Number of protein chains: 2
Amino acid sequence: MPKQIDHEKRREQIAQATWRVISERGMEGATVRNIAAEAGLSLGALRHYFSTQDELLAYSMKLVKERVTARIREILSLDLPPREKFIRTILELVPMNRENMVEMEVWFAFTAYFRHKPGRFDMQDDGVYLGLQKLMDYAEQNGLLPASIDKELETEKLYALVDGLALHAYMQPQRLDGPRLERVLIHHLSGLMAAEKQSDAPDRRS
Amino acid sequence: MPKQIDHEKRREQIAQATWRVISERGMEGATVRNIAAEAGLSLGALRHYFSTQDELLAYSMKLVKERVTARIREILSLDLPPREKFIRTILELVPMNRENMVEMEVWFAFTAYFRHKPGRFDMQDDGVYLGLQKLMDYAEQNGLLPASIDKELETEKLYALVDGLALHAYMQPQRLDGPRLERVLIHHLSGLMAAEKQSDAPDRRS
DNA sequence: CTTTTTACAATACATTTGTATTAAAAAAGG
DNA sequence: CCTTTTTTAATACAAATGTATTGTAAAAAG
């Protein structure tokens, strides 16, 4: 038989080809033929790794989530001051480069696609809300948050802010580029951690 | 000839059928046949009002925008205290009922669909950012905003918050229902208008 | 070396899709 | 009443798509 192939690796390559196709041509362009061509495979070859299109799409979606959570887990494992860790984790939730942009793009596409599937493959949640709740707990336990705030509402606001910014960065990348995204988020987090005087960052007394 | 038909009215009916189909079956289900069936027409009949599918979709998208902007314009025309007008306008940007939810749903679907079209029908912008800028100007001119805030950043934040909440209300309607949406937005706007002490609404001294 | 198993390619097939064509029915205009 | 024009229906057709089948080559297993 021909050179033994690492199935899992091939599946990941195909999933990445899927991401590229969706990013460039939308969900409408994510046909098995387009994906096979992007991956440099024939239809028959593709079918050896995914027997149905929805299985391929579901796998590709799952892989996006794994990649993102792995990156975040890595940041959380770094040895940083709590404040830096808190901020950097949140910044990671927003697309700062082309790669993250594609991830978010395909995540949206997958979500919209699987939402209306009869045999639902299991409506995947991105887990960001749960993660932000834990992150806010972490911030509170490390004294980053003033006691006066309504933590639950602030978590909801932060969640909406992050996803809203992500969405806008995707829809209007020329207006909302990386540096501006960072400015907006830092501004919000500074206000959040400042309690009274939300006007600016806390440690600014020059 | 058969009973003269108001073409514009028919086109609106068809567009509304399109919304329903997209809401229930996603963009994948928005075939000309499904839409014709939902509208109670034959393929040939549909084709008398829209000669191509993309023309139908583009019209349906335009109609969504017109409906939403009309509703907002109506609120702006009401005789309300500036503070109420400011808040109610922003609350209108978020889906509080089934109808608004469908509008947002199809707007997202259309946006994703037309994004990857060779002969782009004209990437429609929802105009929310521009509207919010004007609304913030209005708020400032009516003394609702403290001078200490960074108006541009706060506009960007508000924009992201609104769209993020809308997205989440769509994705997790059970968790983020109407009352909760309102609580979160009011909380944010209160903090925004409060300047120092962002902890709660301003006029609360009992 | 022989056999068997694996990766891949080519092709086939039934459905669905957008669009086009043709025709009929129905009422407005004269 | 008769012609004309508009609405609608029925059918056609080519292209695209998901999936299945068949075949082939290559290397692992013996």
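No experiment lies behind these values; they were computed from the predicted model shown.
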| Result of checking A:I35, A:L63, A:V32 against A:T18 for side chain to side chain contact (heavy atoms under 4.5 Å, CB included) |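 Output: one option passes, namely A:I35.
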| message | Out of the candidates B:L165, B:V162, B:L158, B:I90, only one should pair with B:H188 under the side chain to side chain contact (heavy atoms under 4.5 Å, CB included) rule; please name it. | response |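 With B:H188 as partner, B:L165, B:V162, B:L158, B:I90 yield a single side chain to side chain contact (heavy atoms under 4.5 Å, CB included), made by B:L158.
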| query | Do B:H48 and D:dT8 have a side chain to base donor-acceptor pair shorter than 3.5 Å? | reply |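 Answer is yes: a donor-acceptor pair is held.
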Are [X] and [N] close enough that a side-chain N or O sits under 4.0 Å from OP1 or OP2?
{"X": "A:H7", "N": "C:dA7", "value": "yes"}
{"X": "B:T52", "N": "C:dT19", "value": "yes"}
{"X": "B:R10", "N": "D:dT8", "value": "yes"}

Distance check needed: [N] [atom2] versus [X] [atom1], whole Å only.
{"X": "B:Y113", "N": "C:dT17", "atom1": "OH", "atom2": "C1'", "answer": "11 Å"}
{"X": "B:L56", "N": "C:dG18", "atom1": "CG", "atom2": "P", "answer": "10 Å"}
{"X": "B:L46", "N": "C:dT17", "atom1": "CG", "atom2": "C1'", "answer": "14 Å"}
{"X": "B:F50", "N": "D:dT7", "atom1": "CZ", "atom2": "P", "answer": "14 Å"}
{"X": "B:I5", "N": "D:dT6", "atom1": "CD1", "atom2": "P", "answer": "13 Å"}
{"X": "B:R11", "N": "D:dT7", "atom1": "CZ", "atom2": "P", "answer": "12 Å"}
{"X": "A:Q53", "N": "D:dT17", "atom1": "CD", "atom2": "C1'", "answer": "8 Å"}
{"X": "A:Q13", "N": "C:dA7", "atom1": "CD", "atom2": "P", "answer": "13 Å"}

Between [options], spot the one nearest the side chain of [X], thanks.
{"X": "B:Y49", "options": "D:dG18, C:dT19, D:dT7", "value": "D:dT7"}
{"X": "B:L43", "options": "C:dC8, D:dG18, C:dT19", "value": "C:dT19"}
{"X": "B:R33", "options": "D:dT17, C:dG18, C:dC8", "value": "C:dG18"}
{"X": "A:V32", "options": "D:dG18, D:dA9, C:dC8", "value": "D:dG18"}

| said: Would you say that more than 12 heavy atoms from the other residues, nucleotides or ligands in this model lie under 6.0 Å from the CZ of A:R175, or not? | reply: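 Counting other residues, nucleotides and ligands, CZ of A:R175 exceeds 12 neighbours.
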| request: Check the surroundings of atom NZ in A:K134: do more than 12 heavy atoms from other residues, nucleotides or ligands lie under 6.0 Å from it? | output: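 Atom NZ in A:K134 is not packed in, count stays at 12 or less.
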| With under 30° as parallel and over 60° as perpendicular, where do the rings of A:H168 and B:Y159 fit, or are they tilted in between? |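 Rings of A:H168 and B:Y159: parallel, under 30°.
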